[in-house]
There are 2 protein chains.
Amino acid sequence: MGDSGESAGRAAPSGRKDARRNRETLLDAAATVFVTSGVDAPVRDIAAKAGVGLGTIYRHFPTRADLVIGVYRHQVDACADAGPALLATGSPYTALGQWIDLFVDFLVTKHGLAAVMRPDNADFEALHTYFLDRLLPVCTELLDAAAVTGEIRPDIDAYELMRGVGNLCIGAESDTRYDARRMAGLLVAGLRRPHA
Amino acid sequence: MGDSGESAGRAAPSGRKDARRNRETLLDAAATVFVTSGVDAPVRDIAAKAGVGLGTIYRHFPTRADLVIGVYRHQVDACADAGPALLATGSPYTALGQWIDLFVDFLVTKHGLAAVMRPDNADFEALHTYFLDRLLPVCTELLDAAAVTGEIRPDIDAYELMRGVGNLCIGAESDTRYDARRMAGLLVAGLRRPHA
DNA sequence: AACGATACGGAACATTGTTCCGCTTTTGCA
DNA sequence: TGCAAAAGCGGAACAATGTTCCGTATCGTT
């Protein structure tokens, strides 16, 4: 569905035809390179893969975060949309857990993406902002619902939870001894209201 | 490369006098720079602060991880030593929680240190290894003790917990909306044995 | 076809880690 | 003390990467 067009994404098809084509080519190339080399792949690699110059890549995507957003926007949106859906299928706490699992899976399967979501990384501020804009409302909704039913403590901030879960996913894809899903599950378990 | 003797830190005073002095100077300078610019500060900054050339810094500390270890070794050791002490003062679960708090405080107050503990960062493998060597046995001890008393689930791996807590601390020092300590507390709370 | 606007490519620049080597200082010994 | 070898030093030079800039090529319109 059409969201309020902004930031980086597909707005009204504007500009020259070749420019539009290059934009697509770049997104495709980036997606491919991200899979093999992670989201930290050198800009030159992406440009080479797309067969364009460096100037072109920077014109279309002023910062790398814009490129990453372009590539993963759909998946982030899908994750956001899944929140309300899950909420409709079971208890709020269960839904929250499942939604977090979805988020963790998304991050863990994208090499380096979690590491890049840190807000102290000025280069990726746009990415951080996009994730938050999209997912924070959903997380808040789930959290509130679970708090209302009394399944979890009511004093948890969605932002903190998202940051925490995001952090837990860092480096998970390259460490067989570490299971980010498990840790995220523990964190969510920690949200439960302390039993009397 | 194979350093003489220990990985990094103070070994038996060996070599020339000026070399030993430079080593200390370098550690002092690094400590100062780390506080103001984080552990990712450019090597050149540290060299400049210490008033030595680049060659000198790389000779004394083949990798940056060695320098970081040299600077924080004492504090890591102190944290390790605190484990058994805490265990003697209260219930294992309480001790575990307090020990984790200690660890979190340590990481959070050192700009960028947590981010550098990731094992997927080849440059800092030595640092990662040092932390693990020193802290993993302590964490295991606390975990086991708390499992024996039945306060927590018995299926938690110390390595995973340390990685998880370490990750939770990433970027915490520059984000006022995020409290790593709180998140670590949640994670520890999640360890509790599920109530029947 | 001509022309102005738009976009392109890639050289050039900036930052930072790391290596290498000629020069200096220290140390051991006669 | 004097001296030569060993040990250490400084920083230029190299490599990898992000980013900017501008002369040139292409597109769309008249």
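Note that these values count all heavy atoms, side chains included, but never hydrogens, waters or copies made by symmetry. The chains referred to below are lettered A, B, ... by the order of the sequence lines, with proteins before strands, and numbering in each begins at 1.
D:dG8 atom P lies 11 Å from atom CZ of B:Arg23, rounded to whole Å. Atom NZ of A:Lys17 and atom C1' of D:dA25 are 16 Å apart (whole Å). Rounding to whole angstrom units, CZ of residue B:Phe61 and C1' of D:dG8 are separated by 14 Å. Rounded to whole Å, atom C1' of D:dC9 lies 11 Å from atom CZ of B:Arg21.
Boundaries of the chain A contact region on DNA chain C are C:dA5 to C:dA12, first to last in 5' to 3' order (nucleotide atom under 4.0 Å from a heavy atom).
Residues B:Asp45 and B:Asp18 both approach DNA chain C. Their nearest nucleotides, taken by heavy-atom distance, put B:Asp45 toward the 5′ side.
B:Val68 has its side chain within reach of B:Phe34: a pair of non-hydrogen atoms, C-beta onward, lies under 4.5 Å apart. When side chains are defined from C-beta on, B:Leu168 counts as touching B:Tyr178, because their heavy atoms get closer than 4.5 Å.
The existence of a salt bridge linking B:Arg182 and A:Glu160 is confirmed by a sub-4.0 Å separation between a basic side-chain nitrogen and an acidic carboxylate oxygen.
Taken residue by residue, residues 33-43 of chain B places no heavy atom nearer than 4.0 Å to DNA chain D. A heavy atom closer than 4.0 Å to some atom of DNA chain C occurs in A:Gly51, A:Val52, A:Gly53, A:Leu54, A:Gly55, A:Thr56, A:Arg59, these being the qualifying members of residues 50-59 of chain A.
Checked by atom type, the side-chain pair B:Glu173/B:Thr109 shows no donor-acceptor distance below 3.5 Å.
In terms of hydrophobic clustering, with Ile, Leu, Val, Met, Phe, Trp and Tyr side chains grouped at heavy-atom distances under 4.5 Å, A:Val165 and A:Leu142 are assigned to a common cluster.
Remark: B:Asn22 is not in phosphate contact with D:dG8, judged by side-chain N or O atoms under 4.0 Å from OP1 or OP2.
Listed by chain and number, the residues in a salt bridge (Lys or Arg N to Asp or Glu O under 4.0 Å) with B:Asp157 amount to none (sequence neighbours excluded). Partners of A:Arg16 according to the salt bridge (Lys or Arg N to Asp or Glu O under 4.0 Å) rule, which considers only residues two or more places apart in sequence or in another chain, are A:Asp18. For A:Thr129, there are no side chain to side chain donor-acceptor pair (under 3.5 Å) partners at least two apart in sequence or on another chain.
A donor-acceptor pair under 3.5 Å links the side-chain atoms of B:Asn167 to the main chain of A:Asn167, judged by distance alone.
A donor and an acceptor atom sit less than 3.5 Å apart, one in the side chain of A:Arg44 and one in the base of D:dG18.
With a 6.0 Å cutoff to the six-membered ring centre and a 45° limit on the axis angle, A:Arg192 counts as a cation-pi contact of A:Tyr93.
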- Task: Kindly determine whether B:Tyr72 and B:Asp77 satisfy side-chain hydrogen bond (donor to acceptor under 3.5 Å, both in side chains), including the steps that lead there.
- Result: CA-CA 9 Å; B:Tyr72 294 124; B:Asp77 290 347; over 6 Å; no

